[in-house]
Amino acid sequence: MRVSRFLLSTVRETPAEAETVSHKLMLRAGMIRKLAAGIYTWLPLGLRALRKVEAIVREEMNRAGAQEVLMPAVQPAELWQESGRWDRYGPELLRLKDRHQRDFCFGPTHEEVITDLIRREIKSYRQLPANFYQIQMKFRDEIRPRFGVMRAREFLMKDAYSFHINEASLGETYQVMHATYSRIFQRVGLEFRPVAADTGAIGGSHSHEFHVLADSGEDAIAICSKCEYAANVEMAQALPPMGKRPAPGQPMQAVDTPGKHSIEEVSRFLKIDPKRTVKTLLVKGTGGVIALVLRGDHELNEIKAAKLPQLAKPLVFVTPGEVELAAGCEPGSIGPVGLKIPVIADESAARLADFVCGANLNGKHLVNVNWGRDATEPVVADLRKVVEGDPCPDSGKGQCGGTLSIRRGIEVGHIFQLGTKYSEAMQATVLDEAGQSVVMPMGCYGIGVSRVVAAAIEQNHDDNGIIWPDAIAPFQIALVPIGYGKSEKVRETVDKLYGELVHAGFDVLLDDRDERPGVIFADMDLIGIPHRLVLGDKWLAKGAIEYKGRRDKAPREVPLDQTIPFLGAQVKK
RNA sequence: CGGGGUGUAGCUCAGCCUGGUAGAGCACUUGCUUCGGGAGCAAGGGGCCGGAGGUUCAAAUCCUCUCACCCCGACCA
């Protein structure tokens, strides 16, 4: 492609609306333009990257034996009423009426449509297992679209749905999809982790999210230094500390801590490690108020806490007034000693001896407190968020000896074992070997294709712009002539080389504009072309060409007649 | 949906407080010079100041109402 015939809409100044790096760079590089909140046009440059991601996804899905279909974006309400989601999905479902006032929606996902299709088309266990996918625009009327295409309302998604005769078959396909997703993100060229995820409202036994690691990611992920363990921090199990609780030492004693409330204030005032203190949080239980106790340096994991049977379903903290009633003091001075309400302590807090806690009296704390002796032995549970350096729970496979580090991630894929949630509601059955009607267990597997593009930029950029991984770069090679308009020889040589490169199968962008070199270099860096060739009269005289990889600090010289084999070795296909 | 903010040239913004002929830089067009890291000079095109009402002799500016967009929270590929 020649730049003179390509819509290269780079802008020097960052549009005010953009906040994140990928959003800024996608606008500046001329990849996308906004039409409305969360709704974007993909310009030629952006679409090239998007299509490359799409192609990799399609190849790997096909390789995994999935069949491509294309389902309608607009779907009749009846299907959604049948699955029960017409009412449950809420305002995120964009609803519309046709000229006959019949209800439709713009598909945010396609479980209903595929289940309807399959219950009509598949009758026998002989046709199973079967896995169908599509790559198609979805619409979700997000409360707050942001970060450009990272969280758009309209976005390109690969969604796949598998159907099975039994759970064992579902488990097998799930493993295949897990491996397929890993291949996909590996090929795209991103640093990623499959992460154990909460099955939550959707139910089912297994779910993994695939996260691209990037500092700007919205999710915190705990990753093991030694093994493959990775989990959303919300999910990551905190192992109980090793060994037994030490025996009580000193007798308990009340101390004045005037005006000191937070753990930080109290521990600094008493010159004590926050690890020797506990914090007490009061929440609503199914009966009355319940106290949750954590070690001072730990934070409550609200997801874990909400799962405790003793607690009210959405986790609710009590008001300061209710704290006064239950503990007899302000929130900064609560402690487990003498509390008349049930106490649930995190494993680490329960393992402390001679610790510091609030005295349930304003301005006072207790030191050398011990469970059993001073405070009632608490119910023990895993309540806290894991922190950097925690031992790896090792997916239950024994001790790997690694420690956890906390990284940020962008969720680009999610795989689920759905079970029979939809097939049951919509009566998708087949006959098994014995001629019995069986409800098909299902799996579903999504990849945010357009989000992958943004995530790739979040992970790969510098001050000058995007740095594409070779596999999804809109162009692999930037061919930059110096003096294209002036030097007949340069033009001839560059045109010839361009033809040869294209013939050799490279995606080449020839910048044949009558621009100063600085402008061209800046543009090529901004749009992130991973390999750059520069040719001018001074190189021609040497019979050589200049090559620079986008990440390289300095360019190097390549004999002109070696250009193609040289690039063959440089460019990853 | 709650809280905060912004709408003026294609982009980034000034002008608004204190009403009186709509501006700058970048981008765009033309010419000349320049030519390995976002050039210089000159000339030019481009605005219903988000929209609707009002106050006033006079409104980008003051008032009311609307719409759109952005940022912070709960959701998700």
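A note on names: the letters A, B, ... follow the listed sequences, proteins ahead of strands, and every chain is numbered from 1. Side-chain atoms are counted along with the backbone in the values below, which use heavy atoms only and exclude waters and symmetry mates. Just so we're clear, the structure is a prediction, and the values are computed from it rather than from any experiment.
Side-chain rings of A/Phe566 and A/Tyr547 approach one another, their centers coming within less than 6.0 Å. Checked against a 6.0 Å centroid threshold, the rings of A/Phe475 and A/His531 do not count as neighbours.
Residue ring and nucleobase are stacked for A/Phe155 and B/A77, with a centre distance beneath 5.5 angstrom and an angle between planes beneath 30°.
Candidate nucleotides B/A77, B/G38, B/C76 were compared by shortest atom distance to the side chain of A/Asp219, and B/C76 ranks first. Distance from the side chain of A/Arg146 is smallest for B/C71 among the nucleotides B/C71, B/C35, B/G36. For A/Asp525, whose side chain is taken as the heavy atoms from C-beta onward, the closest listed nucleotide among B/A74, B/C76, B/G37 is B/G37. Of the candidates B/G38, B/G36, B/C70, B/C70 carries the atom nearest the A/Ala37 side chain, counting heavy atoms from C-beta on. Checking B/C13, B/G38, B/C76 against every side-chain atom of A/Arg140, the shortest atom distance belongs to B/C76. Checked against B/C75, B/C69, B/G73, the side chain of A/Arg144 finds its nearest nucleotide in B/G73. For A/Arg151, the side-chain atoms get nearest to B/A77 when compared with the rest of B/U12, B/A77, B/G36. Taking the side chain of A/Lys486 as heavy atoms from C-beta on, and the options B/A74, B/C35, B/A27, the nearest nucleotide is B/C35. Comparing atom distances between the A/Phe521 side chain and each of B/G37, B/A74, B/C75 picks out B/G37 as nearest. Closest to the A/Glu19 side chain, of the nucleotides B/G37, B/C71, B/C75, is B/C71.
In this model, the phosphate group of B/A39 is approached by a side-chain N or O of A/Arg516 to a distance below 4.0 Å at OP1 or OP2. Between B/C70 and A/Lys34, a contact under 4.0 Å exists linking OP1 or OP2 to a side-chain N or O. The phosphate of B/C76 (OP1 or OP2) has no side-chain N or O of A/Arg451 nearer than 4.0 angstrom.
A/Glu515 contributes no side-chain N or O that forms a donor-acceptor pair with the base of B/G38 under 3.5 Å. With hydrogens and angles left out, the side chain of A/Asp523 and the base of B/G38 share a donor-acceptor pair within 3.5 Å. Donor-acceptor pairing under 3.5 Å, judged by distance alone, is present between the side chain of A/Arg532 and the base of B/G37.
Residue contacts for A/Met150: at a heavy-atom cut-off of 4.0 Å it reaches a base atom on one of the strands shown. Nucleic acid contact class of A/Glu546 (heavy atoms, under 4.0 Å, all strands): base. Heavy atoms of A/Arg33 sit nowhere under 4.0 angstrom from any nucleic acid atom. Residue-level contact check: A/Thr109 touches neither bases nor backbone, having no heavy atom under 4.0 Å from any strand. No contact: A/Val452 has no heavy atom under 4.0 Å from any strand. Within 4.0 Å of A/Val11, counting heavy atoms only, lies no atom of the nucleic acid at all. Counting non-hydrogen atoms under 4.0 angstrom, A/Ala455 reaches nothing in the nucleic acid.
Taking the ring axis of A/Trp42 as reference, the NZ or CZ atom of A/Arg51 does not stay both within 45° of it and closer than 6.0 Å to the ring centre. Seen from the ring of A/Tyr422, A/Arg85 does not count as a face-on cation partner, given the 6.0 Å and 45° thresholds. Relative to the ring axis of A/Phe521, A/Arg532 places its NZ or CZ within 45° and under 6.0 Å from the centre.
Comparing B/A14 with B/G5, their P atoms are spaced 16 Å from each other, to the whole Å. For B/G36 and B/U30, the P atoms lie 23 Å apart once the distance is rounded to whole Å. Rounded to the nearest Å, the gap between the C1' atom of B/U61 and that of B/G54 is 15 Å. On the P atoms, B/A60 is 16 Å away from B/G7, given to the nearest whole Å. Nucleotides B/G4 and B/G10 are separated by 29 Å at their C1' atoms, to the nearest Å. Nucleotides B/C26 and B/C69 are separated by 31 Å at their P atoms, to the nearest Å. Using atom P as the reference point in both B/G25 and B/A42, the two lie 11 Å apart (nearest Å). B/A9 and B/C48: their P atoms are spaced 9 Å apart (whole Å).
Rounded to whole angstrom, the span from the OH atom of A/Tyr89 across to the P atom of B/C75 amounts to 14 Å.
Checking A/Arg153 against A/Pro517, the closest nucleotide of RNA chain B that is more toward the 5' end is the one next to A/Pro517. Of the residues near RNA chain B, A/Pro145 and A/Gly413, the one whose nearest nucleotide (by heavy atom distance) lies more toward the 5' end is A/Pro145.
Residues A/Lys52 and A/Ile56 are not in side-chain contact: their nearest non-hydrogen atoms beyond the backbone lie 4.5 Å or more apart. The closest side-chain heavy-atom distance from A/Val113 to A/Leu117 is not below 4.5 Å.
When each of A/Tyr89, A/Trp86, A/Phe104 is tested with A/Trp80 by the rule ring-ring contact (aromatic ring centres under 6.0 Å, His included), just one qualifies, namely A/Tyr89.
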